[in-house]
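So that the names make sense, note that chain A is the first sequence line, chain B the second, and so on, each numbered from 1.
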Amino acid sequence: MSKTIYVGNLPFSASEDEVRELFAAHGDVLSVKLISDRETGRPRGFGFVEMDEDAAAGAIQALDGSTMGGRSLRVNEARERGDSRGPRRGGGGDHGRY
DNA sequence: CTTGAGCGG
């Protein structure tokens with residue numbers, strides 16, 4: 001299917017459309033979701049971008065480490081929120097973490 | 001009119 005990308009350290013002035021266009025420049029953006037506080041309605045400054053696996057990998061390495069609005073843009077593969085089948089040993093899709 | 005943590009319903 002698709003791969004979820006975690007986008008953090010985003011400027012508070014950023015919107016889903018900006019992130020969508022930013023990632024769309026590197027691949028096909030399936031969906032963009034910015035996380036904001038549900039109780040205060042205040043933007044947390046991070047979001048999630050759903051893209052194709054190959055496109056996501058390219059967008060991550062292309063946008064990760066870049067700067068947006070003067071802040072370092074953080075782009076990485078997001079965790080798996082769903083899938084109650086049971087996380088494989090400790091859960092958390094780490095690829096190269098200790 | 002406000003802020004800065006890496007991971008959402």
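- Take Ala55(A) and apply the side chain to side chain contact (heavy atoms under 4.5 Å, CB included) test, not counting sequence neighbours, and it matches Met51(A), Asp52(A).
- A straight line from NZ of Lys3(A) to P of dG8(B) spans 20 Å, rounded to a whole angstrom.
- Taking OG1 of Thr4(A) as the reference point, atom CD of Glu77(A) lies at 8.0 Å (rounded to 0.5 Å).
- In this view, Ser15(A) and Asp17(A), Glu18(A) satisfy the side chain to side chain contact (heavy atoms under 4.5 Å, CB included) rule, not counting sequence neighbours.
- If you take CZ of Arg79(A) and P of dG9(B), they are 15 Å apart, rounded to a whole angstrom.
- Of the residues in residues 9-32 of chain A, those lying under 4.0 Å from DNA chain B by heavy-atom distance are Asn9(A), Leu10(A), Pro11(A), Phe12(A).
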Please set out all donor-acceptor pairs under 3.5 angstrom arising from side-chain atoms of residues 64-73 of chain A, sequence neighbours excluded.
unit_1   : atom_1 : unit_2   : atom_2 : d
Asp64(A) : OD1    : Val75(A) : N      : 3.2
Arg71(A) : NH1    : Gly69(A) : O      : 2.7

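- For residues 9-38 of chain A, there are no ring-ring contact (aromatic ring centres under 6.0 Å, His included) pairs, not counting sequence neighbours.
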Sequence neighbours left out, cut at 3.5 Å: what donor-acceptor pairs do the side chains of residues 28-35 of chain A make with other protein atoms?
none

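- For DNA chain B, the neighbouring residues in residues 34-51 of chain A, judged by any heavy atom under 4.0 Å, are Ile35(A), Arg42(A), Arg44(A), Gly45(A), Phe46(A), Phe48(A).
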Would you be so kind as to tabulate the donor-acceptor pairs closer than 3.5 Å made by side chains of residues 36-47 of chain A, with sequence neighbours excluded?
unit_1   : atom_1 : unit_2   : atom_2 : d
Asp37(A) : OD1    : Glu39(A) : N      : 3.0
Asp37(A) : OD1    : Thr40(A) : N      : 3.2
Asp37(A) : OD1    : Thr40(A) : OG1    : 3.4
Thr40(A) : OG1    : Arg42(A) : N      : 3.3

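- Judged as a ring-ring contact (aromatic ring centres under 6.0 Å, His included), not a single pair has a partner in residues 52-77 of chain A (not counting sequence neighbours).
- Mapping Lys33(A) and Gly8(A) onto DNA chain B via the closest heavy atom, the residue that lands nearer the 5' end is Gly8(A).
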